[in-house]
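Below is one structure, written out as structure tokens; comments come after it.
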Amino acid sequence: MIDSNWPLVPIALFYLVCAVVGIIGNGIMVMVFMKESKFKLPVNYLITLNCLADLFHVSGHFVFNYQLVTDETSSQANCFFMLFHTVIGYCISGPLLLAIGFDRLIACRFPINYRTLLSNGTLYLCAQLLFPVAFTTVLIGYGSQLIDFNTQIVCMAPLALPRQAFGYFTYASNVINVAIVIVYIYSYVVLRGYKERDARRMKYVFKSISFTVVIVLVGWTTVTIGNTVAIGLIENQRISEIVSIHAGLGVNISCSVNVFVFYAINSEYRSGIRRLFGLTVQSSDISKSDPSGTTKRMSLVAPATLQF
């Protein structure tokens, strides 16, 4: 290993751990979705797609670690193609979180309209996916026109997308993160307005929203702010790249802990994960569990009979 790469070893090992934990954890979330017939609401599809995006994101760290240890490099263009799935993962994750937030907001604020939307679940899900897919497609399409076959780099997630395209991604992500926090906080305010008799049943919803906001603030917000500084204020490209690498600490943690968060705060996913591994489902989880999750516990939507 060349001397200039030694300072990157600790962060590379950290990302390697995140990759292993993230692939296993998010893989469990995807398998639970596929196995559990009750997870067929649009929000379950959005959650699963977000977990799949996080899996794609962290899986790219294996290339980074391999090239760092073996002193190999690749052209920026080859890095783009090798980590194409990783680029998709980190581009689409923020918009998917925003889509999940809008889904919960509609369910809480306009329950009757939400029930109508669920009756046309496929169309509603496609509408929710329009922005995430369009956002990711435009960024990747733009980035593919700027790939560089000459510059040699140690291939890592921030460098897989050409610098100018990654800059636009960073600036747009700042706006998306602000929107996510606003949507979830407004959902929380709406839920606080429910009658006192619903307060105990609503504590799971409050906890879920709080965790989501914290993850966004600590994860995606820190990485986009860090990348904004790296791209906009630091002229030295090597230093800028190192700042971008370390800025991803929070987001990689958030990409890796999905399974732990959902196991801790969501009884339906907890029971599904336990069934996946052949473990006994706790009676308290069975009493709380139903096909439509926290929304149905609030009597906001009809029982989930929707199939895709």
>> Apply side-chain hydrogen bond (donor to acceptor under 3.5 Å, both in side chains) to residues Asn26 and Asp54 and explain how you reach the verdict.
In response: CA-CA 7 Å; Asn26 288 301; Asp54 289 343; 5.1 Å; no

Residues two or more places apart in sequence or in another chain: which of them pass side-chain contact (heavy atoms from CB on, under 4.5 Å) with [X]?
X	value
Ala172	Phe135
Ile92	Ala53, Leu96, Pro132, Thr136
Val63	Gln67, Met82, Leu83, Cys155

> Passes side-chain hydrogen bond (donor to acceptor under 3.5 Å, both in side chains), Arg104 versus Tyr114? Steps please.
Replying inline: CA-CA 9 Å; Arg104 298 296 82 191; Tyr114 188 70; 3.0 Å; yes

> Just how far is it from atom CG of Asn50 to atom CG of Leu98, taken to the nearest 0.5 Å?
Replying inline: 11.5 Å

> What distance do Phe33 atom CZ and Lys38 atom NZ have between them, rounded to the nearest 0.5 Å?
Replying inline: 13.5 Å

>> Side chains of Tyr90 and Leu161, heavy atoms from C-beta outward: is any pair under 4.5 Å?
In response: yes

>> Would His57 and Ser93 count as a side chain to side chain contact (heavy atoms under 4.5 Å, CB included) here? Give the steps.
In response: CA-CA 9 Å; His57 183 170; Ser93 184; 6.0 Å; no

Centroid separation [X] to [Y] less than 6.0 Å:
X	Y	value
Phe62	Tyr66	no
Phe169	Phe166	yes
Tyr168	Tyr142	yes

>> As a quick check of understanding, evaluate side-chain hydrogen bond (donor to acceptor under 3.5 Å, both in side chains) for Tyr263 and Asn258, giving each step before the final call.
In response: CA-CA 8 Å; Tyr263 186 89; Asn258 287 323; over 6 Å; no

> Around atom CE of Met34, are there more than 12 heavy atoms of other residues, nucleotides or ligands at under 6.0 Å?
Replying inline: no

> How are the rings of His85 and Phe56 set to each other: parallel, tilted or perpendicular (split at 30° and 60°)?
Replying inline: perpendicular

